[in-house]
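Any value given below was found using the heavy atoms of this structure, including those in side chains, with hydrogens, waters and symmetry copies removed. Reminder, nothing fancy here: chain letters follow the sequence lines and each chain counts from 1. What you see is a predicted model, and the numbers here were worked out from it, not measured in a lab.
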Protein chains: 2
Amino acid sequence: MSGQANYARPVTAHGTDRPLPLSVDRTSPVPLYFQLAQQLEAAVEQGRLAPGALLGNEIDLASRLGLSRPTVRQAIQTLVDKGLMVRRRGVGTQVVHSQVRRPLELSSLYDDLETAGQRPATAVLRNTTEPATAEVAAALGVAEGSEVHLVERLRSAHGEPMALLRNHLPPGLVPLRIDELEATGLYRLMRAAGITLHSARQTVGARAATVGEARDLDEEPGAPLLTMERVTYDDTGRVVEFGSHVYRAARYAFEFQLLVRP
Amino acid sequence: MSGQANYARPVTAHGTDRPLPLSVDRTSPVPLYFQLAQQLEAAVEQGRLAPGALLGNEIDLASRLGLSRPTVRQAIQTLVDKGLMVRRRGVGTQVVHSQVRRPLELSSLYDDLETAGQRPATAVLRNTTEPATAEVAAALGVAEGSEVHLVERLRSAHGEPMALLRNHLPPGLVPLRIDELEATGLYRLMRAAGITLHSARQTVGARAATVGEARDLDEEPGAPLLTMERVTYDDTGRVVEFGSHVYRAARYAFEFQLLVRP
DNA sequence: GCCATGGCTATGTCCGGACAAGCGAACTAC
DNA sequence: GTAGTTCGCTTGTCCGGACATAGCCATGGC
């Protein structure tokens, strides 16, 4: 009702409030749109851009930064894709209003545990080659009975077993040494070997523990286990891994963020 | 070898092979980039664009269609985002080489069953309001003890129970009639009420069935169940639903596609 | 036979402009 | 007072161009 601004006033980007300190470095090899996107994302995460806050229109933002509108749009678009912001024609772009975390990424149990502050330990139970069963052959796209690599690991945290990990790999794709497998995760080893992971198809379910699984995981036979099967592809579409994992239900759950595709 | 084309030859978009029939309708209100993206996606799905096939460079494609390069790029970008294609600088854009399906969407069990050809049946066990427990209040962002809407449903397929669905909603958000709840899914009712779903935070785990769950689901007490908890947000960031679902482990699993965010 | 180099190609980034369309608020007519 | 209309705002779409840069091949020197 102040009479001067009838339209929604951007809370931060310009206006009477303290403007956001945004700037780009044209000598940097980092793309301009990426620099801007990073700064905006940091502002959202640190609360300097409050949920619901309007970003201010793209034209002003562009001229303020000495950029063109397409570049600013490209920056904002990456944040919209991440679910951090919403655009509304005729209204503006605003910070999404909820405790949104990251969308689900192709995650590794090792990394998950490490970021959670737990120090994961890995025991390699098997690291050999064996003839592919029908299921494994179909997943890896090789002939049934041909030799494939098998890695079986028991992962623990805080001294308690958490998961039993069985992974099948095409032969000769990555050399896997036991000491490396015990020191880090499989995905890191694959990336270090020059493989660019691209996508994965996962199935998550549940079932009762077998006697062998119960022994390894320190559970009772028949106890509920969380299961995950995953086929991972690299950027050329090759299958690089087929994993069958079981997790102790009391100690692990999958948590992730979904976005509605407009 | 042939002496005329030293560079990788696009298999379909131009060259000696039959070119893809692509065209855009400038009188249509559908955006041009979207028309092109749809046609390319259809060509991939029908196999007219084989996996690994190069798309041909963007400049030619643009001039052939009478479009500008940014528009063509925008079309291709949507397919790259979906994981159907991969760009390589200096090489070109090629169709991804695997049986990639859709990425995980904010899915409804009802829709999942329906598309799988099973005819889901729903029995509404409860449809009332009740005071929010601490857990529900935290999820919905309301005061503990305040009245919230509760819907409890048993979903079956082929005459067998599949899942027990408990959903809490903010009061007064959507009017829910029992006959509607038994005829369709909750998400459809919410969309029909003008709510634009935006994102959800899910946790998937497993546990043993309680006595009551076992009775409803026709399982033994202690049988493994797949559990899913979900908080759903609309595009303004409001929480619109908190769901606690349990599925019979033998009859249901979550299956989804993950993409690595570059 | 091997390696360095240069040139070609295709995507990556960026610009400045233009018009269309959805949205909301204020205004006007009843 | 209420309903319809107008108007200004903002994003959505599209264009044509420009230069940078990564990848690959062929050439030429060793």
**OP:** Rounded off to whole Å, could you give me the CG-to-C1' distance for the B:L55 and C:dT9 pair?
**Re:** 15 Å
Original post:
Quick one: A:L32 CG to D:dA18 P, roughly how many Å, whole number?
Top reply: 20 Å
Original post:
Should B:T93 be listed as having a side-chain N or O under 4.0 Å from OP1 or OP2 of C:dA10?
Top reply: no
**OP:** Just compare D:dG17, D:dG12, C:dG17 and give me whichever is closest to any side-chain atom of A:P70.
**Re:** C:dG17
Subject >> B:R89 side chain near C:dC8 phosphate (N/O to OP1/OP2, under 4.0 Å) >> reply: no
**OP:** Establish, with yes or no, whether the OP1 or OP2 oxygen of C:dT13 is under 4.0 angstrom from a side-chain nitrogen or oxygen of A:T71.
**Re:** no
Original post:
Expressed in angstrom and rounded to an integer, what is the separation of A:L67 atom CG from C:dT13 atom C1'?
Top reply: 12 Å
Subject >> Nucleotide D:dA20, atom P - distance to CZ of A:R26 in whole Å >> reply: 13 Å
**OP:** Would you classify B:R69 as touching base, sugar-phosphate or nothing, given that sugar-phosphate means primed atoms plus P, OP1 and OP2, and contacts are heavy atoms under 4.0 Å?
**Re:** base
Original post:
If you pin A:G66 and B:I59 to their nearest nucleotides in DNA chain C, which one's is more 5'?
Top reply: B:I59
Subject >> N or O in side chain of A:Y33 less than 4.0 angstrom from C:dT13 OP1/OP2 >> reply: yes
Original post:
Are side-chain heavy atoms of B:R73 and B:I76 found at a separation under 4.5 Å?
Top reply: no
Original post:
What is the distance from CG of B:D60 to C1' of C:dA10, rounded to the nearest Å?
Top reply: 10 Å
Original post:
Looking at C:dC14, C:dG12, D:dG12, which one has an atom nearest to any side-chain atom of A:P31?
Top reply: C:dC14
Subject >> Non-hydrogen atoms of A:L169 and A:V148 that approach each other most closely >> reply: O-CB, 3.6 Å
Original post:
If you find the nucleotide of DNA chain D closest to A:E58 and the one closest to B:S68, which residue's nucleotide is nearer the 5' end?
Top reply: A:E58
Original post:
Could you state the CZ-P distance from A:R87 to D:dT10, rounded to the nearest angstrom?
Top reply: 14 Å
**OP:** Run the salt-bridge test on A:R64 and A:D60 with the 4.0 Å N-O cut-off and return the result as yes or no.
**Re:** no
**OP:** Please step through side-chain contact (heavy atoms from CB on, under 4.5 Å) for the pair A:D25 and A:Q35, ending with a clear verdict.
**Re:** CA-CA 8 Å; A:D25 174 10; A:Q35 292 182 36; 3.8 Å; yes
**OP:** Please state how far atom CD in A:Q35 lies from atom C1' in C:dC14, giving the value in whole angstrom units.
**Re:** 13 Å
**OP:** Could you give me the CA-CA distance, side-chain angles and deciding distance for B:L40 and B:L55, then say whether side-chain contact (heavy atoms from CB on, under 4.5 Å) is met?
**Re:** CA-CA 10 Å; B:L40 289 174; B:L55 198 59; 4.1 Å; yes
Subject >> Any B:R88 side-chain N or O less than 4.0 Å from OP1/OP2 of C:dA10 >> reply: no
Original post:
How long is the line joining CD of A:Q94 and C1' of C:dG24, in whole Å?
Top reply: 13 Å
Original post:
Reckon B:R73 has a side-chain N or O less than 4.0 Å from the OP1 or OP2 of C:dT11?
Top reply: no
